[in-house]
Amino acid sequence: MRIAIIGGTGSQGLNIGKRLAIAGEDIIIGSRKEEKALTKVEESLELLKDYDDIKMEGMSNEDAAQAGDLLILTVPLSAQKPTLQSIKEYVGDKILVDATVPLETAIGGSPARFVDLMEGSAAERTAKILKKTDVKVVAAFNNVSNSLLSNIPEPIDCDCLLAGNDNEAKQVVKEIIEKIPGIDCIDCGKLEKARMIEKITPLLIGLNIKYKSQFGGIRITGIPKK
Ligand SMILES: NC(=O)c1ccc[n+]([C@@H]2O[C@H](COP(=O)([O-])OP(=O)(O)OC[C@H]3O[C@@H](n4cnc5c(N)ncnc54)[C@H](OP(=O)(O)O)[C@@H]3O)[C@@H](O)[C@H]2O)c1
């Protein structure tokens, strides 16, 4: 299975890509500009040169969406709609993992504040934008910080909360993400649960600012995880 990261040149997407490539996944880094994707892939391959069999390729977002079997969207809220519109014709019935968090930065505000969306959550907004397709949207990675992801090879001491309407899709996503050492995925239920999941992120960003850390994350206790 090829995993295409749409908007994969940013801090979140590229670090997810590196972690999944180390875990043995075949990764495509997508960008609005193919050249930028190729440069980021070259830098990543250099960084990961001590790992065996790293599979990572750079492409335009459109080519990535076409070539990928599973898509991961990692763009800021302001780029969510134009990016999804640019790849709409290629998503078909694929799984699309949405990491978007509606931070107030989208309207010039604080990264420690949430901005309310008409659709309820960014993941539901993605589902609405792609409603004429058969895509299966799964919210994930929203609470896993890029600092934790980039801290290679340290394990990630954090749970990854999932939400989505398709149980099989969530299981596929869980199995892939749990290849990253330390992460446990928790299926929180239907896609509308993304309304709560996404709100945790500005809280964590605020805690990182308050306690001068970069590694704030969450662990849910008291429930079976496997
Ligand atoms: N960073 C974190 O720790 C973290 C944690 C959890 C969730 N998230 C969420 O993950 C998403 C990505 O975060 P990030 O920090 O990686 O974002 P970012 O670095 O600001 O942007 C990611 C990529 O999106 C594309 N992009 C940026 N502005 C765009 C625009 N106006 N139109 C179209 N494409 C644009 C760019 O790719 P190209 O220029 O190559 O096209 C960029 O490299 C966000 O929704 C964020 O809330 C981030």
Side-chain angles (χ1 to χ4, degrees), residues 4-20 27-44 56-65 71-88 96-115 117 119 121-126 129 137-152 156 158-163 177 180 183 185 194 196-209 213-218:
I5 309 187
I6 309 301
T9 56
S11 48
Q12 190 71 349
L14 200 60
N15 286 310
I16 291 172
K18 287 177 202 158
R19 287 287 189 165
L20 292 179
I27 301 298
I28 301 168
I29 297 296
S31 167
R32 283 168 293 177
K33 293 195 176 127
E34 187 187 7
E35 230 177 271
K36 183 172 170 186
L38 293 173
T39 305
K40 292 290 178 183
V41 166
E42 205 181 309
E43 289 167 9
S44 304
M56 197 185 265
E57 200 183 338
M59 293 183 195
S60 69
N61 281 333
E62 292 82 352
D63 287 347
L71 314 179
I72 304 180
L73 180 72
T74 54
V75 296
L77 182 70
S78 55
Q80 183 191 23
K81 194 169 180 188
T83 305
L84 289 172
Q85 276 168 340
S86 74
I87 62 164
K88 206 173 181 169
L96 186 146
V97 174
D98 193 353
T100 313
V101 179
L103 299 177
E104 208 189 65
T105 44
I107 50 167
S110 161
R113 288 211 194 102
F114 190 82
V115 64
L117 299 178
E119 296 82 359
S121 65
E124 289 167 282
R125 190 168 185 242
T126 287
I129 295 166
V137 179
V138 177
F141 283 121
N142 311 83
N143 313 135
V144 184
S145 88
N146 114 77
S147 303
L148 284 164
L149 288 161
S150 67
N151 197 18
I152 295 168
I156 294 181
C158 177
D159 287 342
C160 178
L161 306 184
L162 307 183
I177 296 178
I180 302 174
I183 298 191
C185 286
M196 288 174 267
I197 294 172
E198 292 171 12
K199 282 199 166 118
I200 295 169
T201 307
L203 176 70
L204 293 173
I205 293 171
L207 291 172
N208 278 336
I209 295 169
S213 175
Q214 305 167 59
F215 299 118
I218 55 160

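In what follows, every heavy atom counts, from backbone to side chain, and hydrogens, waters and symmetry copies are set aside. Every number for a ligand or one of its atoms is a count from 1 in the order of the listing. Nothing fancy with the numbering, it's 1 onward along the sequence.
Here Asn61 pairs with nothing under the side-chain hydrogen bond (donor to acceptor under 3.5 Å, both in side chains) rule; sequence neighbours left out. With sequence neighbours excluded, no residue satisfies salt bridge (Lys or Arg N to Asp or Glu O under 4.0 Å) with Asp63. With sequence neighbours excluded, no residue satisfies side-chain hydrogen bond (donor to acceptor under 3.5 Å, both in side chains) with Arg32.
Contacts of ligand 1 (protein heavy-atom distance under 4.0 Å) are Gly7, Thr9, Gly10, Ser11, Gln12, Ser31, Arg32, Lys36, Thr74, Val75, Pro76, Ala79, Thr83, Ala99, Thr100, Val101, Phe141, Asn142, Val144, Ser145, Asn146.
Looking at Asn142, its side chain does come within 3.5 Å of a backbone N or O of Thr100 through a donor-acceptor pair. Under the 3.5 Å distance criterion, the side-chain polar atoms of Glu119 are left unmatched by any main-chain donor or acceptor of Thr126.
No more than 12 heavy atoms of other residues, nucleotides or ligands shown are found within 6.0 angstrom of CD on Glu42.
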